[in-house]
*Asks:* 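Sharing a structure, written as C-alpha coordinates. Questions coming.
Lettering of chains follows the sequences in order, A, B, ..., and the numbering in each one begins at 1.
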Amino acid sequence: MEPILSVKNLKYVYSAGTPFEHTALEDVSFSVNRGEFIGIIGHTGSGKSTLMQQLNGLLKPTSGSVILDGQDIWSDKKLTRQARFRVGLVFQYPEYQLFEETVYRDIAFGPKNMGLPAGEVDRRVREAAGFVGITDAQLQASPFDLSGGQKRRVAIAGVIAMEPEILILDEPTAGLDPSGRREILSNIAAYRKSKNATIMMVSHSMEDVARLTDRLLVLSGSRLAMDGTPDEIFAHTDELVNMGLNIPQVTQVFLHLRQMGLDVPGVYTIEQAVSALKNRKEAVHA
Amino acid sequence: MLKDITLGQYFPGNSPVHRLDPRTKLLALLAYIIALFCARSWIGYGLLLLLLLTAIRVSQIPGKAIVRGMKPLAMILVFTGILNLFFNREGKILFQVLGIVITSGGVQRAAFMVVRILMLVSGTFLLTYTTSPISLTDGLESLMSPLKRLHMPVHELSMMMCIALRFIPTLIEETDKIMSAQKARGADFENGSLMDRARALIPILVPLFISAFRRADELATAMECRCYQGGEGRTKMKLLHFHRGDLVTFALMAALVAAVLALGSFGM
(Lines give C-alpha, C1' and ligand atoms only; values in the text may rest on other atoms or scores of the structure.)
Protein backbone atom coordinates (compact mmCIF):
# COMPACT_ATOMS: atom_id res chain seq x y z
CA MET A 1 0.00 0.00 0.00
CA GLU A 2 1.19 3.48 -0.91
CA PRO A 3 1.87 5.48 2.28
CA ILE A 4 -0.28 8.59 2.61
CA LEU A 5 2.52 10.64 4.10
CA SER A 6 6.25 10.20 4.16
CA VAL A 7 9.18 12.35 5.16
CA LYS A 8 12.71 11.87 3.91
CA ASN A 9 15.92 13.08 5.55
CA LEU A 10 14.12 15.97 7.17
CA LYS A 11 16.33 18.62 8.73
CA TYR A 12 15.27 21.89 10.33
CA VAL A 13 17.42 24.64 11.82
CA TYR A 14 15.92 27.48 13.87
CA SER A 15 17.26 31.07 13.71
CA ALA A 16 20.04 30.14 11.31
CA GLY A 17 22.88 32.67 11.50
CA THR A 18 22.21 34.06 15.00
CA PRO A 19 23.62 33.11 18.40
CA PHE A 20 20.30 31.32 18.98
CA GLU A 21 20.80 28.97 16.04
CA HIS A 22 19.88 25.41 16.87
CA THR A 23 19.02 22.28 14.99
CA ALA A 24 15.57 21.00 15.90
CA LEU A 25 15.42 18.07 13.50
CA GLU A 26 18.19 16.04 11.93
CA ASP A 27 17.83 13.32 9.31
CA VAL A 28 14.27 12.20 10.19
CA SER A 29 12.64 9.71 7.81
CA PHE A 30 9.44 7.68 8.16
CA SER A 31 6.21 6.82 6.34
CA VAL A 32 2.64 6.82 7.55
CA ASN A 33 -0.09 4.52 6.21
CA ARG A 34 -3.73 5.45 5.82
CA GLY A 35 -5.80 4.83 8.96
CA GLU A 36 -2.83 4.33 11.31
CA PHE A 37 -2.90 5.72 14.84
CA ILE A 38 0.63 6.88 15.60
CA GLY A 39 1.97 8.13 18.91
CA ILE A 40 4.90 10.52 19.00
CA ILE A 41 6.88 10.52 22.22
CA GLY A 42 10.02 12.32 23.21
CA HIS A 43 11.53 14.46 25.92
CA THR A 44 10.77 18.22 25.94
CA GLY A 45 12.86 19.85 23.22
CA SER A 46 13.37 16.64 21.26
CA GLY A 47 11.78 18.18 18.16
CA LYS A 48 8.19 16.88 18.38
CA SER A 49 6.46 20.21 17.87
CA THR A 50 8.82 21.18 15.05
CA LEU A 51 8.20 17.87 13.33
CA MET A 52 4.42 18.39 13.48
CA GLN A 53 4.67 21.78 11.83
CA GLN A 54 6.70 20.30 8.99
CA LEU A 55 3.97 17.80 8.17
CA ASN A 56 1.34 20.36 7.14
CA GLY A 57 3.69 22.84 5.53
CA LEU A 58 3.77 25.47 8.28
CA LEU A 59 7.56 25.28 8.50
CA LYS A 60 9.67 24.70 5.44
CA PRO A 61 12.35 22.05 5.97
CA THR A 62 15.93 23.32 5.80
CA SER A 63 16.58 20.19 3.76
CA GLY A 64 14.72 16.98 3.01
CA SER A 65 11.17 16.52 1.77
CA VAL A 66 7.61 15.95 2.96
CA ILE A 67 5.58 13.80 0.56
CA LEU A 68 1.79 13.81 0.85
CA ASP A 69 -0.02 11.28 -1.32
CA GLY A 70 2.95 10.94 -3.65
CA GLN A 71 3.61 14.67 -4.13
CA ASP A 72 6.20 16.90 -2.46
CA ILE A 73 4.16 19.57 -0.66
CA TRP A 74 6.81 22.21 -1.39
CA SER A 75 6.95 21.56 -5.13
CA ASP A 76 3.98 23.87 -5.79
CA LYS A 77 2.33 26.69 -3.82
CA LYS A 78 -1.12 25.14 -4.29
CA LEU A 79 0.07 21.85 -2.85
CA THR A 80 1.44 23.61 0.22
CA ARG A 81 -1.91 25.28 0.85
CA GLN A 82 -3.73 21.99 0.27
CA ALA A 83 -1.47 20.30 2.79
CA ARG A 84 -2.83 22.71 5.45
CA PHE A 85 -6.31 21.32 4.88
CA ARG A 86 -5.46 17.67 4.26
CA VAL A 87 -3.24 17.50 7.33
CA GLY A 88 -5.11 19.04 10.27
CA LEU A 89 -2.93 20.31 13.07
CA VAL A 90 -4.16 20.86 16.62
CA PHE A 91 -1.59 22.78 18.63
CA GLN A 92 -0.94 22.52 22.35
CA TYR A 93 -3.57 24.38 24.38
CA PRO A 94 -5.62 25.09 21.24
CA GLU A 95 -8.32 26.87 23.27
CA TYR A 96 -6.12 29.98 23.25
CA GLN A 97 -6.74 30.50 19.54
CA LEU A 98 -10.53 30.85 19.76
CA PHE A 99 -11.58 34.31 18.59
CA GLU A 100 -15.09 34.38 17.11
CA GLU A 101 -18.28 35.64 18.68
CA THR A 102 -19.98 32.26 18.63
CA VAL A 103 -18.76 28.68 18.81
CA TYR A 104 -20.44 28.02 15.45
CA ARG A 105 -18.49 30.75 13.67
CA ASP A 106 -15.22 29.67 15.24
CA ILE A 107 -15.62 26.10 14.04
CA ALA A 108 -16.64 27.42 10.60
CA PHE A 109 -13.38 29.42 10.24
CA GLY A 110 -11.40 26.54 8.71
CA PRO A 111 -14.06 25.25 6.28
CA LYS A 112 -14.76 28.85 5.14
CA ASN A 113 -11.06 29.38 4.43
CA MET A 114 -11.23 26.29 2.24
CA GLY A 115 -13.77 28.14 0.09
CA LEU A 116 -16.56 25.59 0.58
CA PRO A 117 -20.20 26.50 -0.20
CA ALA A 118 -22.35 27.63 2.77
CA GLY A 119 -24.38 24.40 2.92
CA GLU A 120 -21.24 22.27 3.12
CA VAL A 121 -19.73 24.54 5.79
CA ASP A 122 -22.92 24.17 7.85
CA ARG A 123 -22.88 20.37 7.51
CA ARG A 124 -19.24 20.17 8.54
CA VAL A 125 -19.64 22.48 11.51
CA ARG A 126 -22.55 20.45 12.85
CA GLU A 127 -20.82 17.15 12.22
CA ALA A 128 -17.58 18.32 13.86
CA ALA A 129 -19.54 19.64 16.84
CA GLY A 130 -21.19 16.22 17.06
CA PHE A 131 -17.82 14.45 17.20
CA VAL A 132 -16.73 16.50 20.20
CA GLY A 133 -20.11 16.53 21.97
CA ILE A 134 -20.97 20.22 21.57
CA THR A 135 -24.76 20.72 21.63
CA ASP A 136 -26.77 22.95 19.25
CA ALA A 137 -27.44 25.39 22.10
CA GLN A 138 -23.68 25.67 22.79
CA LEU A 139 -23.01 26.38 19.12
CA GLN A 140 -24.66 29.77 19.53
CA ALA A 141 -22.83 30.62 22.78
CA SER A 142 -19.65 32.67 22.99
CA PRO A 143 -16.60 30.39 23.13
CA PHE A 144 -15.35 32.44 26.07
CA ASP A 145 -18.33 31.40 28.22
CA LEU A 146 -17.46 27.70 28.02
CA SER A 147 -15.44 25.65 30.51
CA GLY A 148 -11.78 24.86 29.82
CA GLY A 149 -12.49 21.33 28.61
CA GLN A 150 -15.34 22.50 26.37
CA LYS A 151 -13.14 25.23 24.86
CA ARG A 152 -10.51 22.63 24.07
CA ARG A 153 -13.12 20.46 22.33
CA VAL A 154 -14.43 23.42 20.31
CA ALA A 155 -10.88 24.18 19.17
CA ILE A 156 -10.39 20.55 18.11
CA ALA A 157 -13.74 20.67 16.28
CA GLY A 158 -12.41 23.71 14.40
CA VAL A 159 -9.71 21.49 12.89
CA ILE A 160 -11.90 18.39 12.48
CA ALA A 161 -14.40 20.50 10.48
CA MET A 162 -11.83 20.72 7.69
CA GLU A 163 -12.13 16.91 7.53
CA PRO A 164 -8.38 16.32 7.32
CA GLU A 165 -7.21 12.90 6.18
CA ILE A 166 -4.45 13.13 8.74
CA LEU A 167 -5.18 14.66 12.14
CA ILE A 168 -2.16 15.64 14.20
CA LEU A 169 -2.58 16.61 17.85
CA ASP A 170 0.04 18.05 20.18
CA GLU A 171 -0.72 16.86 23.71
CA PRO A 172 -4.49 17.19 23.30
CA THR A 173 -5.15 16.21 26.92
CA ALA A 174 -2.56 18.41 28.67
CA GLY A 175 -3.95 20.14 31.74
CA LEU A 176 -7.35 18.44 31.70
CA ASP A 177 -8.99 16.40 34.46
CA PRO A 178 -9.37 12.61 33.96
CA SER A 179 -12.93 12.80 32.61
CA GLY A 180 -11.96 15.61 30.22
CA ARG A 181 -9.02 13.51 29.00
CA ARG A 182 -11.20 10.48 28.41
CA GLU A 183 -13.75 12.52 26.45
CA ILE A 184 -11.16 14.07 24.14
CA LEU A 185 -9.47 10.73 23.46
CA SER A 186 -12.81 9.12 22.62
CA ASN A 187 -13.74 12.11 20.37
CA ILE A 188 -10.52 11.51 18.44
CA ALA A 189 -11.24 7.79 18.16
CA ALA A 190 -14.76 8.53 16.88
CA TYR A 191 -13.42 10.84 14.17
CA ARG A 192 -10.84 8.29 13.10
CA LYS A 193 -13.40 5.53 12.84
CA SER A 194 -15.96 7.50 10.88
CA LYS A 195 -13.52 9.01 8.32
CA ASN A 196 -10.87 6.29 8.28
CA ALA A 197 -8.50 9.12 9.16
CA THR A 198 -4.86 8.80 10.15
CA ILE A 199 -4.10 10.11 13.63
CA MET A 200 -0.74 11.26 14.94
CA MET A 201 -0.69 12.24 18.58
CA VAL A 202 2.09 13.73 20.66
CA SER A 203 1.71 12.67 24.26
CA HIS A 204 3.62 12.43 27.51
CA SER A 205 1.26 9.80 28.85
CA MET A 206 2.81 6.40 28.16
CA GLU A 207 -0.44 4.79 29.33
CA ASP A 208 -2.44 6.66 26.67
CA VAL A 209 -0.10 5.92 23.80
CA ALA A 210 0.22 2.27 24.84
CA ARG A 211 -3.55 1.83 24.93
CA LEU A 212 -4.48 3.81 21.80
CA THR A 213 -1.76 3.68 19.18
CA ASP A 214 -0.67 1.09 16.63
CA ARG A 215 2.80 2.48 16.31
CA LEU A 216 5.17 4.77 18.15
CA LEU A 217 7.78 7.23 16.91
CA VAL A 218 10.36 8.09 19.54
CA LEU A 219 12.26 11.35 19.09
CA SER A 220 15.43 12.05 21.00
CA GLY A 221 17.91 14.89 20.54
CA SER A 222 16.37 16.02 17.22
CA ARG A 223 16.58 12.53 15.74
CA LEU A 224 14.14 9.70 15.22
CA ALA A 225 15.47 7.24 17.78
CA MET A 226 12.92 4.42 17.45
CA ASP A 227 9.99 3.49 15.24
CA GLY A 228 7.86 0.45 16.03
CA THR A 229 4.80 -1.02 17.70
CA PRO A 230 4.27 -0.19 21.39
CA ASP A 231 5.30 -3.82 22.09
CA GLU A 232 8.66 -3.36 20.42
CA ILE A 233 9.28 0.11 21.84
CA PHE A 234 8.42 -0.66 25.46
CA ALA A 235 10.75 -3.65 25.39
CA HIS A 236 13.63 -1.12 25.41
CA THR A 237 13.07 0.17 28.93
CA ASP A 238 16.64 1.26 29.61
CA GLU A 239 16.99 3.21 26.38
CA LEU A 240 13.69 5.00 26.98
CA VAL A 241 14.68 5.93 30.50
CA ASN A 242 18.01 7.24 29.19
CA MET A 243 16.07 9.50 26.81
CA GLY A 244 14.16 10.96 29.76
CA LEU A 245 11.06 8.90 28.92
CA ASN A 246 9.37 6.09 30.72
CA ILE A 247 7.33 2.95 30.18
CA PRO A 248 3.72 2.45 31.36
CA GLN A 249 3.44 1.74 35.08
CA VAL A 250 1.84 -1.65 34.50
CA THR A 251 4.76 -2.60 32.26
CA GLN A 252 7.12 -1.66 35.08
CA VAL A 253 5.17 -3.84 37.53
CA PHE A 254 5.32 -6.82 35.20
CA LEU A 255 9.02 -6.34 34.53
CA HIS A 256 9.53 -6.39 38.27
CA LEU A 257 7.48 -9.58 38.61
CA ARG A 258 9.62 -11.20 35.97
CA GLN A 259 12.82 -10.15 37.75
CA MET A 260 11.39 -11.81 40.86
CA GLY A 261 11.25 -15.04 38.89
CA LEU A 262 7.57 -15.15 37.94
CA ASP A 263 6.78 -16.40 34.46
CA VAL A 264 4.67 -13.50 33.10
CA PRO A 265 4.71 -11.96 29.61
CA GLY A 266 5.59 -8.32 28.91
CA VAL A 267 2.43 -6.21 28.88
CA TYR A 268 1.76 -2.50 28.38
CA THR A 269 -1.96 -2.04 29.00
CA ILE A 270 -4.18 -2.86 31.98
CA GLU A 271 -6.33 -5.14 29.82
CA GLN A 272 -3.32 -7.21 28.76
CA ALA A 273 -2.17 -7.38 32.36
CA VAL A 274 -5.56 -8.66 33.55
CA SER A 275 -5.72 -11.37 30.89
CA ALA A 276 -2.10 -12.36 31.51
CA LEU A 277 -2.81 -12.76 35.22
CA LYS A 278 -5.99 -14.76 34.51
CA ASN A 279 -4.12 -17.09 32.16
CA ARG A 280 -1.47 -17.64 34.76
CA LYS A 281 -4.03 -18.34 37.43
CA GLU A 282 -5.70 -20.95 35.22
CA ALA A 283 -2.34 -22.48 34.41
CA VAL A 284 -1.48 -22.76 38.09
CA HIS A 285 -4.80 -24.34 38.99
CA ALA A 286 -4.80 -26.72 36.03
CA MET B 1 9.16 36.54 9.80
CA LEU B 2 8.24 37.61 13.33
CA LYS B 3 11.51 36.11 14.51
CA ASP B 4 13.23 38.96 12.63
CA ILE B 5 11.97 41.52 15.14
CA THR B 6 14.91 42.06 17.41
CA LEU B 7 13.75 45.21 19.20
CA GLY B 8 14.56 45.05 22.87
CA GLN B 9 16.23 41.68 22.45
CA TYR B 10 19.19 40.85 24.65
CA PHE B 11 22.10 38.75 23.42
CA PRO B 12 23.67 37.22 26.53
CA GLY B 13 27.43 37.47 26.63
CA ASN B 14 30.41 38.40 28.75
CA SER B 15 32.26 40.95 26.65
CA PRO B 16 33.72 44.17 28.14
CA VAL B 17 30.68 45.99 26.71
CA HIS B 18 28.30 43.59 28.44
CA ARG B 19 30.13 44.11 31.73
CA LEU B 20 29.91 47.93 31.68
CA ASP B 21 27.61 49.56 34.20
CA PRO B 22 24.23 50.15 32.54
CA ARG B 23 24.39 53.82 33.56
CA THR B 24 27.67 54.17 31.68
CA LYS B 25 26.13 52.66 28.60
CA LEU B 26 23.05 54.86 28.81
CA LEU B 27 25.11 58.03 29.24
CA ALA B 28 27.54 56.97 26.52
CA LEU B 29 24.62 56.38 24.16
CA LEU B 30 23.21 59.80 25.01
CA ALA B 31 26.58 61.44 24.33
CA TYR B 32 26.93 59.47 21.10
CA ILE B 33 23.49 60.64 19.91
CA ILE B 34 24.23 64.28 20.73
CA ALA B 35 27.55 64.05 18.91
CA LEU B 36 25.82 62.39 15.95
CA PHE B 37 23.43 65.32 15.62
CA CYS B 38 26.23 67.87 15.93
CA ALA B 39 28.53 66.25 13.40
CA ARG B 40 28.63 68.26 10.17
CA SER B 41 31.32 66.62 8.11
CA TRP B 42 32.53 63.21 7.06
CA ILE B 43 35.37 63.55 9.57
CA GLY B 44 32.88 63.81 12.43
CA TYR B 45 30.80 60.92 11.12
CA GLY B 46 33.96 58.94 10.47
CA LEU B 47 35.11 59.33 14.08
CA LEU B 48 31.71 58.25 15.41
CA LEU B 49 31.52 55.35 12.98
CA LEU B 50 34.93 54.21 14.13
CA LEU B 51 33.68 54.33 17.73
CA LEU B 52 30.52 52.40 16.82
CA LEU B 53 32.38 49.71 14.89
CA THR B 54 34.93 49.31 17.69
CA ALA B 55 32.15 48.98 20.25
CA ILE B 56 30.33 46.38 18.13
CA ARG B 57 33.57 44.48 17.62
CA VAL B 58 34.40 44.48 21.34
CA SER B 59 30.84 43.46 22.23
CA GLN B 60 31.15 40.31 20.06
CA ILE B 61 27.63 40.89 18.72
CA PRO B 62 27.58 39.46 15.19
CA GLY B 63 27.26 42.21 12.57
CA LYS B 64 24.50 40.17 10.93
CA ALA B 65 22.27 40.62 13.96
CA ILE B 66 22.60 44.41 13.74
CA VAL B 67 21.92 44.40 10.01
CA ARG B 68 18.89 42.18 10.50
CA GLY B 69 17.47 44.63 13.02
CA MET B 70 17.64 47.35 10.35
CA LYS B 71 15.28 45.57 7.97
CA PRO B 72 12.07 47.13 9.29
CA LEU B 73 13.72 50.54 8.80
CA ALA B 74 14.27 50.08 5.07
CA MET B 75 11.15 52.06 4.09
CA ILE B 76 11.97 54.99 6.36
CA LEU B 77 15.52 55.11 5.05
CA VAL B 78 14.44 55.10 1.41
CA PHE B 79 11.85 57.77 2.15
CA THR B 80 14.28 60.02 4.00
CA GLY B 81 16.88 59.59 1.27
CA ILE B 82 14.47 60.47 -1.54
CA LEU B 83 12.96 63.47 0.24
CA ASN B 84 16.37 64.98 0.91
CA LEU B 85 17.61 64.16 -2.56
CA PHE B 86 14.77 65.92 -4.37
CA PHE B 87 13.90 68.81 -2.14
CA ASN B 88 17.32 70.16 -1.25
CA ARG B 89 18.40 72.81 -3.73
CA GLU B 90 21.79 73.78 -2.34
CA GLY B 91 25.06 73.49 -4.18
CA LYS B 92 25.77 72.70 -7.82
CA ILE B 93 23.06 71.30 -10.05
CA LEU B 94 24.10 67.80 -11.04
CA PHE B 95 21.07 66.61 -12.89
CA GLN B 96 17.89 68.23 -14.20
CA VAL B 97 15.01 66.60 -16.03
CA LEU B 98 11.28 67.41 -16.19
CA GLY B 99 11.53 69.88 -13.35
CA ILE B 100 13.29 67.40 -11.09
CA VAL B 101 16.50 68.96 -9.86
CA ILE B 102 19.22 67.06 -8.09
CA THR B 103 21.95 69.12 -6.54
CA SER B 104 25.27 68.24 -4.95
CA GLY B 105 23.91 69.59 -1.65
CA GLY B 106 20.92 67.27 -1.94
CA VAL B 107 23.07 64.22 -2.53
CA GLN B 108 25.28 65.06 0.42
CA ARG B 109 22.34 65.77 2.71
CA ALA B 110 20.51 62.57 1.71
CA ALA B 111 23.65 60.54 2.39
CA PHE B 112 24.17 62.25 5.76
CA MET B 113 20.59 61.67 6.86
CA VAL B 114 20.60 57.99 5.91
CA VAL B 115 23.95 57.40 7.60
CA ARG B 116 22.77 59.31 10.67
CA ILE B 117 19.63 57.17 11.06
CA LEU B 118 21.61 53.97 10.50
CA MET B 119 24.21 54.93 13.08
CA LEU B 120 21.58 56.13 15.53
CA VAL B 121 19.68 52.88 15.38
CA SER B 122 22.73 50.61 15.45
CA GLY B 123 23.99 52.45 18.53
CA THR B 124 20.66 51.92 20.26
CA PHE B 125 20.61 48.26 19.23
CA LEU B 126 24.06 47.82 20.69
CA LEU B 127 22.72 49.03 24.05
CA THR B 128 19.71 46.67 24.13
CA TYR B 129 21.72 43.77 22.69
CA THR B 130 24.37 43.99 25.40
CA THR B 131 22.26 45.02 28.41
CA SER B 132 19.65 42.79 29.98
CA PRO B 133 16.26 44.49 30.44
CA ILE B 134 16.63 44.31 34.21
CA SER B 135 19.98 46.06 34.40
CA LEU B 136 18.79 48.56 31.79
CA THR B 137 15.84 49.62 33.92
CA ASP B 138 18.03 49.57 37.03
CA GLY B 139 20.33 51.99 35.27
CA LEU B 140 17.46 54.20 34.15
CA GLU B 141 15.95 54.26 37.60
CA SER B 142 19.27 55.24 39.13
CA LEU B 143 19.87 57.97 36.54
CA MET B 144 16.37 59.38 36.94
CA SER B 145 16.35 59.19 40.74
CA PRO B 146 16.92 62.97 41.20
CA LEU B 147 13.45 63.40 39.66
CA LYS B 148 11.95 61.69 42.71
CA ARG B 149 12.27 65.02 44.50
CA LEU B 150 9.78 66.41 41.99
CA HIS B 151 7.37 63.59 42.93
CA MET B 152 7.95 61.71 39.70
CA PRO B 153 7.06 58.03 40.21
CA VAL B 154 10.51 56.99 38.97
CA HIS B 155 10.47 53.48 40.38
CA GLU B 156 7.00 52.76 39.02
CA LEU B 157 7.96 54.06 35.59
CA SER B 158 11.08 51.94 35.44
CA MET B 159 9.15 48.89 36.68
CA MET B 160 6.59 49.42 33.92
CA MET B 161 9.34 49.71 31.36
CA CYS B 162 11.03 46.62 32.72
CA ILE B 163 7.82 44.61 32.45
CA ALA B 164 7.12 45.92 28.95
CA LEU B 165 10.61 44.97 27.76
CA ARG B 166 10.38 41.63 29.49
CA PHE B 167 7.14 40.79 27.69
CA ILE B 168 8.13 41.80 24.16
CA PRO B 169 9.74 38.44 23.35
CA THR B 170 6.97 36.55 25.15
CA LEU B 171 4.26 38.28 23.17
CA ILE B 172 6.16 37.85 19.93
CA GLU B 173 6.39 34.14 20.64
CA GLU B 174 2.71 34.06 21.52
CA THR B 175 1.80 35.88 18.28
CA ASP B 176 3.89 33.42 16.35
CA LYS B 177 2.06 30.51 17.97
CA ILE B 178 -1.39 31.97 17.33
CA MET B 179 -0.46 32.78 13.73
CA SER B 180 0.70 29.21 13.17
CA ALA B 181 -2.50 27.85 14.68
CA GLN B 182 -4.71 30.06 12.49
CA LYS B 183 -2.58 29.29 9.43
CA ALA B 184 -3.16 25.61 10.15
CA ARG B 185 -6.86 26.42 9.74
CA GLY B 186 -6.17 28.02 6.39
CA ALA B 187 -5.88 31.68 7.44
CA ASP B 188 -4.01 33.68 4.83
CA PHE B 189 -2.09 36.77 5.92
CA GLU B 190 -0.06 37.39 2.80
CA ASN B 191 -2.58 37.62 -0.04
CA GLY B 192 -5.70 39.63 -0.79
CA SER B 193 -6.62 43.30 -0.70
CA LEU B 194 -5.66 45.66 2.13
CA MET B 195 -9.14 45.19 3.60
CA ASP B 196 -8.80 41.39 3.49
CA ARG B 197 -5.44 41.57 5.18
CA ALA B 198 -6.73 43.88 7.90
CA ARG B 199 -9.61 41.49 8.51
CA ALA B 200 -7.18 38.56 8.61
CA LEU B 201 -5.61 40.16 11.71
CA ILE B 202 -8.74 39.69 13.84
CA PRO B 203 -8.08 35.96 14.44
CA ILE B 204 -4.64 36.94 15.76
CA LEU B 205 -5.44 40.09 17.70
CA VAL B 206 -8.40 38.76 19.71
CA PRO B 207 -6.52 35.76 21.17
CA LEU B 208 -3.40 37.89 21.63
CA PHE B 209 -5.22 40.57 23.65
CA ILE B 210 -6.99 37.96 25.73
CA SER B 211 -3.71 36.27 26.52
CA ALA B 212 -1.95 39.59 27.27
CA PHE B 213 -4.66 40.52 29.77
CA ARG B 214 -4.51 37.06 31.30
CA ARG B 215 -0.74 37.33 31.69
CA ALA B 216 -1.01 40.81 33.18
CA ASP B 217 -3.53 39.56 35.68
CA GLU B 218 -1.38 36.56 36.63
CA LEU B 219 1.69 38.76 36.98
CA ALA B 220 -0.18 41.19 39.23
CA THR B 221 -1.29 38.32 41.45
CA ALA B 222 2.23 36.90 41.58
CA MET B 223 3.66 40.31 42.50
CA GLU B 224 1.09 40.81 45.22
CA CYS B 225 1.81 37.34 46.60
CA ARG B 226 5.40 38.48 47.08
CA CYS B 227 4.25 41.63 48.85
CA TYR B 228 5.37 43.99 46.13
CA GLN B 229 4.54 47.53 47.19
CA GLY B 230 6.48 49.77 44.86
CA GLY B 231 9.67 51.74 45.44
CA GLU B 232 9.09 52.81 49.03
CA GLY B 233 11.74 51.25 51.29
CA ARG B 234 12.80 48.76 48.65
CA THR B 235 16.44 47.65 48.61
CA LYS B 236 18.36 46.03 45.78
CA MET B 237 20.11 42.70 45.62
CA LYS B 238 22.48 43.85 42.90
CA LEU B 239 23.90 47.29 43.54
CA LEU B 240 25.33 49.21 40.63
CA HIS B 241 29.01 50.10 40.85
CA PHE B 242 31.29 51.95 38.48
CA HIS B 243 34.51 50.10 37.65
CA ARG B 244 37.71 50.94 35.81
CA GLY B 245 36.12 50.12 32.43
CA ASP B 246 33.39 52.64 33.11
CA LEU B 247 35.89 55.39 33.87
CA VAL B 248 37.83 54.59 30.71
CA THR B 249 34.57 54.71 28.72
CA PHE B 250 33.65 58.06 30.25
CA ALA B 251 37.04 59.54 29.39
CA LEU B 252 36.89 58.20 25.87
CA MET B 253 33.36 59.43 25.27
CA ALA B 254 34.13 62.87 26.69
CA ALA B 255 37.17 63.22 24.44
CA LEU B 256 35.25 62.07 21.41
CA VAL B 257 32.21 64.25 21.94
CA ALA B 258 34.47 67.24 22.56
CA ALA B 259 36.34 66.49 19.35
CA VAL B 260 33.17 66.19 17.29
CA LEU B 261 31.66 69.32 18.84
CA ALA B 262 34.89 71.27 18.22
CA LEU B 263 34.98 70.08 14.62
CA GLY B 264 31.32 71.09 14.28
CA SER B 265 31.95 74.59 15.56
CA PHE B 266 34.56 75.02 12.84
CA GLY B 267 31.90 73.91 10.35
CA MET B 268 33.57 70.56 9.73
*Asks:* Could you state the interatomic distance from NZ (Lys183(B)) to CG (Asn113(A)), rounded to the nearest 0.5 Å?
*Replies:*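 Separation between the atoms: 13.0 Å.
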
*Asks:* Out of Phe91(A), Phe99(A), Phe85(A), Phe109(A), which one racks up the most heavy-atom pairs below 4.5 Å with chain B?
*Replies:*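 The answer is Phe99(A).
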
*Asks:* Any side-chain heavy atom of Tyr93(A) sitting closer than 4.5 Å to one from Lys177(B)?
*Replies:*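 No. Closest side-chain heavy atoms not under 4.5 Å.
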
*Asks:* Quick one: does any side-chain atom of Arg81(A) pair with a main-chain N or O of Gly186(B) as donor and acceptor, under 3.5 Å?
*Replies:*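 It does hold such a pair.
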
*Asks:* Is any side-chain heavy atom of Phe144(A) closer than 4.5 Å to a side-chain heavy atom of Ile210(B)?
*Replies:*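 Counting from C-beta outward, Phe144(A) and Ile210(B) do come under 4.5 Å.
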
*Asks:* So for atom CG, which belongs to Leu239(B), do other residues, nucleotides or ligands contribute more than 12 heavy atoms lying within a distance under 6.0 Å?
*Replies:*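 Count over threshold, so yes.
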
*Asks:* Heavy-atom count check: over 12 atoms from other residues, nucleotides or ligands less than 6.0 Å from Arg215(B) CZ?
*Replies:*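 Correct, the count exceeds 12.
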
*Asks:* Could you tell me if the side chain of Gln97(A) sits less than 4.5 Å from the side chain of Arg185(B), heavy atoms only?
*Replies:*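 Heavy-atom side-chain distance check passes, below 4.5 Å.
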
*Asks:* Heavy-atom cut-off 4.5 Å, strictly under: side chain, backbone, both or neither for Met114(A) against chain B?
*Replies:*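 Neither part.
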
*Asks:* If you count the non-hydrogen atoms of other residues, nucleotides and ligands that lie under 6.0 Å from CD in Glu101(A), is the total more than 12?
*Replies:*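 Not buried by this count: 12 neighbours or fewer within 6.0 Å.
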
*Asks:* At a 4.5 Å cut-off on heavy atoms, which part of Leu89(A) comes close to chain B: side chain, backbone, both, or neither?
*Replies:*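 Looking at Leu89(A), backbone and side chain both touch chain B.
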
*Asks:* Mark yes or no: Arg214(B) above the aromatic ring of Tyr96(A), with NZ or CZ under 6.0 Å from the six-membered ring centre and no more than 45 degrees from the axis.
*Replies:*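 Yes, a cation-pi geometry holds between Arg214(B) and Tyr96(A).
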
*Asks:* Counting heavy atoms not belonging to Lys8(A), are there more than 12 under 6.0 Å from its NZ?
*Replies:*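 It does not: Lys8(A) NZ has 12 such atoms or fewer within range.
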
*Asks:* Less than 4.5 Å to any heavy atom of chain A: does that hold for the side chain of Ser180(B), its backbone, both, or neither?
*Replies:*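 Contact with chain A: backbone and side chain both.
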
*Asks:* Side chain, backbone, both or neither: which part of Gln92(A) has a heavy atom under 4.5 Å from chain B?
*Replies:*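 Contact with chain B involves no heavy atom of Gln92(A) at all.
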
*Asks:* Does atom CD of Glu224(B) have more than 12 heavy-atom neighbours, drawn from other residues, nucleotides or ligands, at distances under 6.0 Å?
*Replies:*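 At most 12 heavy atoms, drawn from other residues, nucleotides or ligands, come within 6.0 Å of this atom.
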
*Asks:* How about CD1 on Ile163(B), more than 12 heavy atoms from neighbouring residues, nucleotides or ligands closer than 6.0 Å, or not?
*Replies:*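 Above 12, so yes.
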
*Asks:* When only pairs under 4.5 Å are counted, which of Ala181(B), Pro207(B), Pro203(B) shares the most heavy-atom pairs with chain A?
*Replies:*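 Of the options given, most contacts go to Pro203(B).
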
